[in-house]
Amino acid sequence: MSTEIRGPVRVRFAPSPTGFLHVGGARTAIYNDLLRQSAGGAFILRIEDTDRERSDEAMTRQIQSALAWIGTVWDEGPFLQSERLARHRERAEELLAAGKAYRCFCTQEELEAQRAEAQTQGKAFRYPRTCLCRPQDEAQTLLAAGKPFVVRLRMPGDNIRFHDIVRGAMDFPPDALDDFILLRSDGTPTYHMSVVVDDIDMRVTHVIRGEDHLSNTPKHIPLFRALGGEVPAFAHLPLILGPDKKRLSKRYGATSVEEFRNEGILPQALYNFLALLGWNPGDEREVMSRDEMIAAFSVDRLNDSPAVFDREKLWWMNGQYMARLSVEELWPHLEPFIDQAGLKNADRERLLAVLELYRTRTRTLKEMAEAVFPFFQDELVYDSAAVAKYLKDADLPADLEAL
RNA sequence: GUCCCCAUCGUCUAGAGGCCUAGGACUCCGCCCUUUCAAGGCGGCAACGCGGGUUCGAAUCCCGCUGGGGAUACCA
């Protein structure tokens with residue numbers, strides 16, 4: 001099914017500031033960027049920092065700088081979800097007043113026991129609607145007594161169907177869903193409540209996010225409807241895997257944008273590489289500028305199967321960019337590595353000439369700066385303590401000495 | 001456990017019933033270019049997970065199996 005998107009779209013990227021921007025998040029941002037740029041409209045950046053314990057303001061800044069560095073452009077935001085809590089709560093209370101949501105006085109211990117019970121019976125746990133069935137006066141008594149409660153959405157009994165742009169027709173039977181929590185017992189909104197209210201208020205038309213949210217979608221759709229909001233179109237992207245075919249993790253090296261930057265990867269190369277991990281232009285082009293990708297972008301060329309992150313190919317891609325860019329063009333990105341290599345004060349003209357020699361011979365900016373280092377040793381002032389520490393066993397192996 | 005998703009070379013992928021002797025890219029291996037090493041050019045190795053259907057014909061459609069992943073929270 002062709003789902004070419006033309007009109008102005010309103011997309012959003014909504015990371016939670018619980019760590020550095022990882023490549024999976026970066027790729028999601030890139031597809032949002034590509035859709036926004038190709039179709040027109042707006043890209044909204046929203047920071048989902050409602051989990052205050054895990055959120056950190058420094059992380060929020062990191063994420064913004066990483067997004068800007070790889071070259072995504074947002075039109076609105078960043079909006080902090082934590083600043084909209086009152087609004088989320090207000091909308092939940094509307095649902096409560098309208099009878100579309102209800103108070104639940106069940107304790108976590110009770111629910112835990114029921115969950116364990118369902119587990120042993122081999123069934124999926126669903127909240128049994130104990131409090132929905134509770135007589136009105138009994139609920140009033142509990143409320144008056146100050147018993148803590150959560151607010152749950154009253155789910156409709158019909159199947160939830162939607163068309164996912166990358167996965168096609170989705171159909172979730174009602175017994176797979178339960179009356180999930182909108183407001184916690186301390187009155188704060190849950191993630192589900194916050195996202196849906198924000199997506200409505202920000203008039204989001206297309207939600208492009210990771211596959212891990214696919215099973216949240218049948219929860220969100222009834223909530224959109226209960227709140228009287230327009231249900232956006234959804235596109236759930238497959239995950240990025242590590243070499244072990246499991247979710248990409250730290251144990252195989254860098255996973256954050258920041259780390260690749262520090263390894264000397266160019267932002268254009270990372271953008272290009274990540275865009276191609278789950279999308280292709282339909283012809284055999286691979287090294288493509290953002291503008292070329294924008295021109296070629298179409299959501300129906302988004303892949304639906306997970307991709308293994310291949311570091312080797314990123315390095316190749318980066319080498320391609322280095323080979324195509326002049327040393328002058330590379331310089332802004334290269335300079336930090338030159339400084340780091342201790343060549344800050346090296347003769348500029350000679351430095352550029354030597355760098356040119358290594359432009360097609362190295363694959364990262366870091367390698368380039370390090371390769372050039374030996375040419376400037378004469379100009380260096382050695383730190384005597386460092387010499388004592390690192391250069392004391394300078395004897396070469398016999399076979400090397402023979403050379 | 002239950003629900004959901006996915007399945008083409010080692011990896012990224014093209015492929016929407018005949019264009020497929022399955023195409024491209026990374027990696028690896030040759031050769032050419034070159035004083036050297038790269039870059040570049042040319043060539044090679046390498047895949048439709050398995051079993052049933054449907055069809056004149058299936059990598060492409062259906063079912064099952066297997067494998068992998070995700071979700072099952074008063075996390076996001």
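Heavy-atom basis, side chains included; hydrogens, waters and symmetry copies ignored. Throughout, a chain's letter reflects where its sequence line sits, starting with A, and its residues are numbered from 1. All values derive from a computational prediction rather than experimental measurement.
Taken residue by residue, residues 307-317 of chain A places heavy atoms nearer than 4.0 Å to RNA chain B at A:Ala307, A:Val308, A:Asp310, A:Glu312, A:Lys313, A:Trp316. The stretch residues 224-248 of chain A comes close to RNA chain B through A:Leu239, A:Lys245, A:Lys246, A:Arg247, each having a heavy atom under 4.0 Å from the strand.
Ion pairing between a basic and an acidic side chain is recognised when a charged N comes within 4.0 Å of a carboxylate O; A:Lys123 and A:Asp175 show no such pairing. Using a 4.0 Å cut-off between a side-chain N of Lys or Arg and a carboxylate O of Asp or Glu, A:Arg363 and A:Glu312 qualify as a salt bridge. Look at A:Lys246 and A:Asp244 and you find no salt bridge, because none of the NZ, NE, NH1 or NH2 atoms lies under 4.0 Å from a carboxylate O. The existence of a salt bridge linking A:Arg203 and A:Glu76 is excluded, since no basic side-chain nitrogen approaches an acidic carboxylate oxygen closer than 4.0 Å.
When the side-chain nitrogen and oxygen atoms of A:Asn280 are compared with OP1 and OP2 of B:A14, one or more of them lie within a distance under 4.0 Å. The side chain of A:Gln320 places an N or O atom within less than 4.0 Å of a non-bridging phosphate oxygen (OP1 or OP2) of B:G40. Within the structure, a side-chain polar atom (N or O) of A:Arg115 is placed less than 4.0 Å from OP1 or OP2 of B:A73. Look at A:Asn216 and you won't find any side-chain N or O under 4.0 angstrom from OP1 or OP2 of B:U72. Between A:Arg285 and B:U13 there is no side-chain polar atom (N or O) within less than 4.0 angstrom of OP1 or OP2.
Annotation: salt bridge (charged side-chain N to carboxylate O under 4.0 Å, His left out) contacts of A:Arg115 (sequence neighbours excluded): A:Glu112. Residues satisfying the salt bridge (charged side-chain N to carboxylate O under 4.0 Å, His left out) criterion with A:Glu110, sequence neighbours excluded, are absent altogether. Listed by chain and residue number, A:Lys344 satisfy the salt bridge (charged side-chain N to carboxylate O under 4.0 Å, His left out) test with A:Asp339 (two or more places apart in sequence, or in another chain).
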N/O contacts under 3.5 Å, protein versus nucleotides 1-7 of chain B?
from	atom 1	to	atom 2	distance (Å)
B:G1	O2'	A:Gly122	O	3.2
B:G1	N3	A:Gln119	OE1	3.4
B:C5	O2'	A:Arg167	NH1	2.2
B:C5	O2'	A:Glu211	OE2	3.3

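A donor-acceptor contact closer than 3.5 angstrom links the side chains of A:Asp186 and A:Thr188.
When both distances must be under 3.5 Å, the Watson-Crick or G-U wobble mate of B:G51 is B:C63.
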